[in-house]
Structures are given as structure tokens and as C-alpha cells.
Amino acid sequence: MNLKDTLNLPDKDFTIPMKAGLTNLEPAIQQRWEDINVYAEIQKSRESAEPFVLHDGPPYTNGPIHLGTAMNKILKDFVVKSQTLAGHRAPYVPGYDNHGLPIELAVMKKFEKKKISPSILELRKACREHAEEFIGVQTEQFERLGVFGLWDKPYTSMGFKYEAEIVRVFKRLIEGGYIYRGLRPVLWSPTAQTALADTEIVYEDHTSRSIFVRFDLKDDPNGIFEGLENAGTIIWTTTPWTIPANLAVAVHPEFTYDIIKVDGRHLLLVRELVETVAAKCGFADYTVVKSVKGSEIEKTVFAHPVYGRDSMALLADYVTTEDGTGVVHTAPGHGREDFMTGQRYGLPVLCPVNERGILTKDAGEFDGIHYKKCDEVVVNRLQELGALLHVEDFQHTYPHAERDGKPVIFRATEQWFIGIDQPFHLNKEITLREKMLTQIDEIQENKGWVPESGYKRIRAMIEGRPDWCISRQRPWGVGIPILYGKESSEPVLDPVAIEAIAKMIEEQGSDGWYDLDPNEILPADYAHPETGETEFRKETDVFDVWFDSACTNLCVLEGNVEPEWKDRWPSDLFLEGSDQHRGWFNVSLIVGTAARGEAPYKEVLTHGMVLDGKGRKMSKRFGNVIDPTKVCEQQGADILRCWAASVDYENDMPCSDELIKTSGEGYRRIRNTLRFLLSNLYDYDPSAEPELLAIDRWIMERSDILVSQAMKAYDRYEFQKVWSGLHNFCVNDVSAVYADAIKDRMYCDGQDWDSRRSAQAACHHVLNHLVKLVAPILVHTAEEVYERIPGISQLTSVHMESIQAKTCTREWRSCSKLAPSCLPSLKAGGRRTGSKTHRMSKQTCRFQWSRRQRSNH
RNA sequence: GGGCCUAUAGCUCAGUUGGUUAGAGCGCACCCCUGAUAAGGGUGAGGUCACCGGUUCAAAUCCAGUUAGGCCCA
């Protein structure tokens, strides 16, 4: 007789295999999820439960996902699954962001290869196809990560109904009084006669004419030139042709400016550059007569050297002491910084240059001159006027169009804006900005910005952000639904007209805007509400893609696009990378507040960026890129998810092959613990009600504590704490102590003995909890284990389970009491008890110590 | 250049409002087991808490500065 046959050894076929084989296992499990439509099942089972709505920020569909996208989705899935586990109804409607420049450029590249120049509609069709392709690719990749959601009906910003809804949001903002038209400088190619995006620009060396020009004092409200005759300042610029557009001069508020006396004049410039400028301008003999701080110069008025009009001194912190004079020529129509500064001081935007780069009648005597020639003309004129102090060639980098290599200019053009300082539509006493700031503060007082630094960050950004320019001169986007009277060029801001456009888009997509004649879109006999015209032309600009994504909360959660998406507004949580303070959090706040008077979220969670093992940015150039899909194929999604749970996502997250490997070892440890617990339950009898042994009670209570702590951590999105808690429990409590302690009983005692049934009850209890706790992270492994656990009422999937956090008080007490009492049984039962005892007593001490700590407070 | 953030063992992270000898897991070294076995257990070695000042009886912790890195902006 083989003695071994008399033992109750673990059943290797009953439990999960030691070797996970996740690369095969995961797809099989995912197939089953698809077959039973697990996401729908979960939602159905939670219909009446308290909701928790995580609103998905849409990834951009111009390529496959990268690790950052994967990390973001995994974190969202941790939230959704753990909220489900806590008993909530946690829907997840994923989304995709489709319009915009990167896709357009990718598609154009393909056309260029084939030497085709597509029409707008051809280009848009190709863009749509490109986006469509990557919606498919990304969906597959996200599902492969084990992320649950409404994958067969995600929201897509290029969906016809979604596009129509964007137009309707725009209509709501017009009704709220937030939309206006104004001038703003954009990068402009005079050769192509078109606006360009930053990505279409290359910076190349260029030799410009740099000039030093005297502006005489016109008005001195601060008295900084008091008693000094022939006062003025010296400005500097490398674009003389923009002198006709000069409306101001900028100084740095912190710099010290000297007033020097030279040739009977008193001229102001920054102290650091006095010597250099004097040398250049040939000031043989000068003396510093006075010094002022930059901030004191504000609002001093100088005279434009050609036209004599006001050119006021403004403060700007981009002024440097590297070149020039510390007094910067400012033309709001010809530079981004100039524009921003001008906005702050309420200056008009003057742009006396047409689309071909020729100066207009607004430039007075320079009318009709091409901007390139104008440099010379302006220089000569200033010379004539005696205002030119010095001219020289200046080498610097200057923006050129990537396409034709020709230099570009900044040129102010008509754009559409959302006015941040417009009166808030529900309370005209305050502005939209003020309302948004209140919202930010209220969120902070309630659920909050996590981590807390996000609060400061978003607040500073909303405090300082300029009006939002929502128009783009591009082909791939939702056309701005504005018609202009053909004669008057007056825009139609009538909701009726815009609704007609939205209706059309709902059926034909935003291509219809390009395809159809205005009168085919508008109701019959529609007349311009202001001018009565019946002939119209269409706006050619499209919405900034950020406007598309700013609308997600309305488009999705209001259910206007798809009734199935309708859910609570504002949502409970937005969860994105910290770069979205400037991006999605910011624009969603604007649109949410302007449309519904509130922020669209109650809580905002941000994570850092994924970096390589050395803390460097991942980049193809460095060859340090980790492809999440490859990790799934080679190691398994559960391994990648272990990594995601093991890092501190509030900061930047390091990742490398080495770290993925380490995660794999952590995974194995938990897997083997689950495997061991399960392997002893092959003959588990749920009807047996054995008297529980002390050590069995102990491990059960330890697992209850774990449940309590892990659920609390899940609720606070502290996934790393969950992970280390689970891991430490498996290593210290189960492997090091409990597993060894029960082996004798489990294998050698009679199958039905209370002593053995007691251990089984404990293993069952622990496994039952462990598998649920682990499920949001190890989504596949948990499922693999769950379906094998005997003696429980099986749900269709472990992810339908819920678990209540237990209160700790009783357990804390019994733990500290129990541990000493179970030592003798350990000594009697285990073979290698010396070390266990040591561990045990170490832990016991820690419990008692913690308890004392608590009771002292 | 500006705003925000980060820096604790080889790695991933704990370290409450300043208060004993700074902890855990992984990894590593050595040992044990061979009834969780391509598993499991034990023991041990690893730290100038990025650097430099300051406050304090006392600093990983508070303050100023420096360096390195990240996000956003210019």
C-alpha cells in the first residue's frame, strides 16, 4: 500500500495551473465575457444601485495606443471595477476624439506620397476613414487590457449625431451670450494665403533688419520724466514693417530702467543695455540722470514716430535684457505675446496687412507696399523723421512654412471666441470666469482635486486664461455653423438657423456643411434676422478640436446623442493625465459652466506621465518605449495591470522591461497563494459546520481586516496601497504562517474531521474575499479562480460580485488576543515552527503596539 | 524664463501634527524543504533620507537656496 495515497493531498487538476499562460488564457476569458456580454450583465444587475459615473476623456484616434493611454484606461478600469465591487452601478462609456490637425496631417502625408491633392471633401473622407480605422484598433487594444465598458457603442466626436450636438452646444453658448467674433493674430503664409498651424512651421535662420527707434514722450502721468526736456524712449524690433501697426511699448515690471541724457535728449531704456545701445547708436557722451523701476513706467504715453498717435507703455514679463533696449515694440495684430498684452490693456487689434502680405490703407502712407519691401521703406522713413537711431542686420531663427519654405508672418484675422469675462448667464452680476473659480473652490471643499496640487494648478489657469479662440482655419473638423449675409457679411446668430444646420448634420454629418448650399440647409424662405437678406455664404472655419472634447459631458451624459449614455450630470469623476489641467478639465469646465451653470465633474483625479526606468521620457529615438499591446501578448494584461497598481500614479510613473518583469514576480506570488488555497478545497463541504480552530479564526480575521483596508483604499483610489496590502497578506499571513501551519491537519487528518474542515472553512473564507479584492486588478486571473471555487452561489462573473468593507474594531481586539493563544498550536502542528513563531510574535507585537497607539489618542 | 510637482535601500513604495535604533515587499547572498515543487520557508547584508544652509532640545519631516527630472506655459 502506498502511504501517499492515504493523504488528502492538494488536487492539481482542481486548482488553477501554476504556470499562468496568460497569453492564451486571457483571450479565452475575454471571449467568454463577450459571449455573455458581461458589461451589460453587470449594468443590468446594478440598475437600482447608487450610481458612480466616471466620465471618459476621449483618446485621440491617430494611431495605436501607447503606454500612457493604456495606463489611463487601466486606472479608469480600477475605479470602475472597484466601485462596482463596492456595490455601485458604475457605467463606463468610452469615447474617442477624431477631428483635428494630427489626423489631417497624417492623411495629407499619404496623399502626398501618391502625389494627389485632394479636394476638401476627399480629404475629410480620408480623415474619417483614418479615424475610423484607429477607433477599431484602439478598441481592440483597450479590450485586450481587460477594460470593461460599452465598447460596442462608444461615443465618437465625429459621429453624425455627436457632430450635430456640438453645433447645438455652440447654439446654447450663443444664447448664453458667450460667443463673439474678433481679431486675433495667427501664423499666416502670404505665399499660400492661408493660416498655418504650429506643426506646419519650421524655424530657420534668417537675417532680419533690426532697428532702434526713438519714441518721444507724449504724456507722463506718473511723472517719471518730470523736469527732463526732450524726453522719450528707445524701442527695438526685428520686423520694421510692423511699425505701422505699433500701438504700445512693453517694459518688464521688475527691471530697472535708466533715463540717460544724450545730445540734449532724455531717453529711457533698461539699465543692463545702456552701454550696448549707446555704443550702437553712437552716443559719444551720455549720463544717467535717473532710474525707475519698470512697473513705474506703466501707462506712460509715447508718440508713434510716424503717425504721432498714442503708444502706451505696458508691462510684460517676456521682455528680456538679451537684445534690444528692454523696451519692446508692441503690435497686437502681429504677434501672440503682443496680442495677449494688448488684450490685458484693452488695446484694439490693428492689422494693416492683407492676406497677400500687402499693407492696406490702415497703414496710411505705406498703403500698397508688400511687407518684405516695407522693411526698407519704413527704415528710410524713420531715418527721414530723425527717429531712427541705429539699424543693423540681425541673425535669428524665424518661422517658415514647412510646405514652401517661405517665411510666414503673424497676421490678425477674424476668429470666433468664447468670452471668459462675459456675464454669467444665470447671474449677470458675475462673470463666467468668476463662476468657474467658484466652482473650482466648491469642488475643492467637497470631493476635491486629487492630488491637491491640481486645485492650485487649475485655479491659476482659469484665473489667467484669455478668451478661448474656438475657430481654426482647417478642413478636418466640425464646421462652425455660421452663415453670413452675402452682401452685408453680417453673421446669422439666430438659433433657428443653427438648429437647421444641426438637423442637417445629424443626417449627413458635418460633410453636409461643405456639400450643401445654405438655402438647402435653411428653412424655406429664411431671411437674415437683421438684414433681411436671403442669400448667404458659409463660414469656412471649423471648431478647435478642444471644443469637440469640451462638449463630451453634454453630448454623452445628457443623452442627447445616444439615450443609452444618459447618466448623472455632473459626473462623479474625471480621471486624466496632469497635462489636462490646461486641456480637457479646463475646456470642459468652460463649456459645462457656460451651458449648465456648473462644473461637469464633482471630483478630478490626475496621474503623472509614464517614463522609462531611468525617469526619462519614452521616445522612439531613445528606444525605451514599452508597447502595452506587446506586454499583453508576451506577458499578459494582468501583469501590466500589476505594474499599474504598483506605481504611485500621482507622480510620474517609471516603466521598463525590468519593472514589468518584477510585476510578473509579484503576480506569481499572488497567483500561487490563490492556487494553494483553492487546491485544498476540492472536497470542500459547505454543509460542514466545524468548530473553528484559533489559527483558522485568526487568518479569517486577518482577511477581514484586509478587506476593510483594501476597500477603503479602493474608495480613495489608492491602488498601490491595495496592491501592497494584497501582496503582503499573501506573503506574510498566508504563505509564511498559515499555509505551513495547516498542512499537517489538511493532509493527514481524516477527510471529514472537524480539524480539517475548520482549515477548509478558513481557506474558503480567505479565498472568497481575496479573489474579489484582487479582481479589479487581476481581472482575468480572478475570473479563472472564481469559477472554480466550490460551495458558493456562482454569479456569471467575479466582476458582478460585491463586497462590503467590514468594521475593524472586533478584529483588532481578537487579533492581539488570539496570536499568543495560537502559538502552541503552531508549535504542535507545524514542523518548522521556530521561525514562524518568531514572525508571529513580531506581528503580534505590532498589533498590540498599534492598538496602544490608537488608544492613546 | 514663469507656474505646479517630484527626489527615502539596487527596484517599487510606507514613514501621520518634527520625537526611541527610518520600515515593507521585491531583488541579492547564504541556508532549509522536497506533501504549494519551473513552487515554498528561514537568516542576512543593503540607507550621509538628492545637495547646501537655516529654525529647533530634537529635522526624512518645517523654511530658504542649489541640482536633477516631469507637466504646463512663455
Side-chain angles (χ1 to χ4, degrees), chain A residues 3-4 6-12 15-20 68 252 254 316-322 336-337 340 449 451-461 463-465 577-583 585-586 606-617 642-643 645-656 658-680 718 720-721 723-732 734-737 739-744 746-748 830-839 846 853 857:
Chain A
L3 281 176
K4 204 171 172 181
T6 66
L7 298 176
N8 311 306
L9 291 183
D11 186 337
K12 289 190 176 91
T15 189
I16 56 171
M18 181 180 286
K19 197 163 161 37
H252 195 290
E254 300 301 323
D317 51 15
Y318 52 79
V319 175
T320 70
T321 55
E322 269 167 43
R336 270 183 205 156
E337 289 175 332
M340 300 275 264
W449 301 84
E452 209 180 326
S453 55
Y455 167 66
K456 271 194 224 165
R457 200 165 173 186
I458 187 95
R459 205 175 194 289
M461 280 173 181
E463 259 173 355
R465 75 154 295 150
S578 59
D579 53 337
Q580 298 304 331
H581 286 112
R582 165 76 35 186
F585 303 146
N586 195 307
T606 50
H607 56 80
M609 302 289 134
V610 179
L611 305 174
D612 76 4
K614 291 186 190 118
R616 310 252 161 206
K617 213 175 181 146
C642 285
W643 165 78
S646 74
V647 294
D648 172 20
Y649 66 79
E650 286 190 3
N651 288 311
D652 293 321
M653 302 164 282
C655 189
S656 61
E658 198 59 32
L659 287 170
I660 294 288
K661 207 180 121 202
T662 307
S663 295
E665 321 231 334
Y667 168 83
R668 266 217 311 278
R669 193 47 178 267
I670 290 183
R671 181 181 180 86
N672 276 320
T673 304
L674 294 168
R675 177 181 132 89
F676 172 78
L677 292 170
L678 186 59
S679 72
N680 285 305
E718 295 168 339
Q720 210 224 12
K721 208 177 228 178
W723 178 247
S724 61
L726 284 167
H727 195 263
N728 285 347
F729 176 78
C730 289
V731 171
N732 295 330
V734 180
S735 280
V737 178
D740 273 357
I742 61 166
K743 278 176 190 167
D744 238 38
M746 189 65 87
Y747 304 150
C748 305
R831 287 208 305 265
R832 302 178 293 274
T833 51
S835 49
K836 303 298 174 328
T837 313
H838 176 68
R839 275 260 196 185
R846 204 175 304 145
Q853 281 260 306
H857 285 282

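Chain identifiers are assigned alphabetically (A, B, ...) following the order of the sequence lines, protein sequences preceding nucleic acid strands; residue numbering begins at 1 within each chain. Just so you know, these numbers use all the heavy atoms, side chains as well, and skip hydrogens, waters and symmetry mates.
- Remark: A:Arg671 CZ to A:Tyr667 OH distance equals 4.0 Å, nearest 0.5 Å.
- Taking the charged nitrogens against the carboxylate oxygens, A:Arg669 and A:Glu665 have no contact shorter than 4.0 Å, which rules out a salt bridge.
- Look at CG on A:Leu7: it is 14 Å from P on B:rU34, rounded to the nearest Å.
- A:Pro654 and A:Leu659 get closest at one heavy-atom pair: O-CD1, 3.4 Å.
- Across the protein-nucleic acid pair, A:Glu254 atom CD and B:rG1 atom C1' stand 13 Å apart, rounded to whole Å.
- Here B:rG40 is the nucleotide among B:rG27, B:rG40, B:rC5 with the atom lying nearest to any side-chain atom of A:Asp740.
- Nucleotide B:rC5 holds its C1' atom 17 Å from the CD atom of A:Gln580, rounded to whole Å.
- Within the structure, every side-chain polar atom (N or O) of A:Asn732 is placed at least 4.0 Å from both OP1 and OP2 of B:rA24.
- Counting only heavy atoms from C-beta on, A:His727 has its side chain closest to B:rG25 among B:rG25, B:rG35, B:rC71.
- The side chain of A:Lys456 approaches B:rC4 more closely than any other nucleotide in the set B:rC73, B:rC4, B:rG70.
- The nearest whole Å value for the distance from the CD1 atom in A:Ile660 to the P atom in B:rC26 is 19 Å.
- A:Gly68 approaches A:Val610 most closely through the heavy-atom pair CA-CG2, 4.0 Å.
- Nucleotides B:rC49 and B:rC11 are separated by 16 Å at their P atoms, to the nearest Å.
- The two atoms that bring A:Arg459 and A:Glu463 nearest to each other are NH1-OE2, 2.7 Å, heavy atoms only.
- Within the 4.0 Å cut-off from OP1 or OP2 of B:rC71, at least one side-chain nitrogen or oxygen of A:Lys617 is found.
- At a threshold of 4.0 angstrom between heavy atoms, the contacts of A:Asn651 are confined to the sugar-phosphate backbone, with no base atom among them.
- In RNA chain B, runs of at least 3 consecutive Watson-Crick or G-U pairs, each pair with both distances below 3.5 Å, span B:1-7 with B:67-73, B:10-13 with B:23-26, B:28-32 with B:40-44.
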Pairwise N/O distances under 3.5 Å, protein to nucleotides 11-13 of chain B:
{"unit_1": "B:rU12", "atom_1": "O2'", "unit_2": "A:Ser646", "atom_2": "O", "d": "2.5"}
{"unit_1": "B:rC13", "atom_1": "OP1", "unit_2": "A:Asp648", "atom_2": "N", "d": "2.9"}
{"unit_1": "B:rC13", "atom_1": "O5'", "unit_2": "A:Gln720", "atom_2": "NE2", "d": "3.4"}
{"unit_1": "B:rC13", "atom_1": "O4'", "unit_2": "A:Gln720", "atom_2": "NE2", "d": "3.3"}
{"unit_1": "B:rC13", "atom_1": "O3'", "unit_2": "A:Gln720", "atom_2": "OE1", "d": "3.1"}
{"unit_1": "B:rC13", "atom_1": "O2'", "unit_2": "A:Gln720", "atom_2": "OE1", "d": "2.9"}
{"unit_1": "B:rC13", "atom_1": "O2'", "unit_2": "A:Gln720", "atom_2": "NE2", "d": "3.1"}

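- When heavy atoms are screened at a 4.0 angstrom cut-off, A:Glu650 is found touching no nucleic acid atom at all.
- Of all the heavy atoms in A:Ala739 and A:Phe676, the pair that sits closest is CB-CE2, 3.5 Å.
- For B:rA36, one of the phosphate oxygens OP1 or OP2 lies less than 4.0 angstrom from a side-chain nitrogen or oxygen of A:Tyr747.
- B:rA39 and B:rC33: their C1' atoms are spaced 11 Å apart (whole Å).
- In this structure, A:His581 atom NE2 and B:rG70 atom C1' are separated by 14 Å, rounded to whole Å.
- Projected onto RNA chain B by closest heavy-atom contact, A:Arg668 and A:Ser679 fall at different nucleotides, the more 5' of which corresponds to A:Ser679.
- With both ends at atom C1', the span from B:rA64 to B:rC72 equals 25 Å, rounded to whole Å.
- Side-chain N/O atoms of A:Arg669 include one lying less than 4.0 angstrom from OP1 or OP2 on B:rG40.
- Regarding A:Asp579, its CG atom lies at a distance of 13 Å from the C1' atom of B:rC5, rounded to whole Å.
- A:Ala460 comes within 4.0 angstrom of no nucleic acid atom, judged by non-hydrogen atoms across all strands.
- Rounded to a whole angstrom, the distance from the C1' atom of B:rG41 to that of B:rA36 is 11 Å.
- Side-chain contact check for A:Met18 versus A:Asn672: some heavy-atom pair is nearer than 4.5 Å.
- Side chains of A:Ile670 and A:Cys730 form a contact here, defined as non-hydrogen atoms less than 4.5 Å apart.
- Comparing the P positions of B:rG47 and B:rA24 gives an interatomic distance of 15 Å, to the nearest angstrom.
- When the nearest nucleotides of RNA chain B are assigned to A:Met609 and A:Pro10 by heavy-atom distance, the more 5′-ward of the two goes with A:Pro10.
- In this structure, A:Ser453 reaches the sugar-phosphate backbone alone: every heavy-atom distance under 4.0 Å involves primed, P, OP1 or OP2 atoms, never a base.
- Look at A:Lys743 and you'll find a side-chain N or O under 4.0 angstrom from OP1 or OP2 of B:rA36.
- Closest approach to the A:Met18 side chain among B:rC4, B:rC26, B:rA36 is made by B:rA36 (side chain taken as heavy atoms from C-beta onward).
- Using atom P as the reference point in both B:rC71 and B:rU56, the two lie 40 Å apart (nearest Å).
- Checked for salt-bridge contact, A:Asp740 and A:Lys743 meet the test: a charged N lies under 4.0 Å from a carboxylate O.
- To the nearest angstrom, C1' of B:rG40 lies 16 Å from CG of A:Asp744.
- Its glycosidic angle being within 90° of 0, B:rG46 falls on the syn side.
- A:Met746 comes within 4.0 angstrom of nothing in the nucleic acid, heavy atoms only.
- One C1' atom belongs to B:rA59, the other to B:rG15, and the distance between them is 14 Å to the nearest Å.
- Contact check, A:Arg457 against B:rG3: no side-chain N or O comes under 4.0 Å of OP1 or OP2.
- Atom CE in A:Met340 sits roughly 9 Å away from atom C1' in B:rA74 (whole-Å rounding).
- Spacing of C1' atoms, B:rU8 relative to B:rU61, comes out at 11 Å, to the nearest Å.
- Using the six-membered ring where Trp is involved, A:Phe585 and A:Trp449 have ring planes that are perpendicular, over 60° apart on the 30 and 60° scheme.
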Quiz prompt | side chain to side chain contact (heavy atoms under 4.5 Å, CB included) between A:Met653 and A:Met609, intermediate numbers included | solution = CA-CA 6 Å; A:Met653 302 164 282; A:Met609 302 289 134; 6.0 Å; no
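- Taking 4.5 Å as the limit, some side-chain heavy atom of A:Ser578 sits within range of a side-chain heavy atom of A:Arg457.
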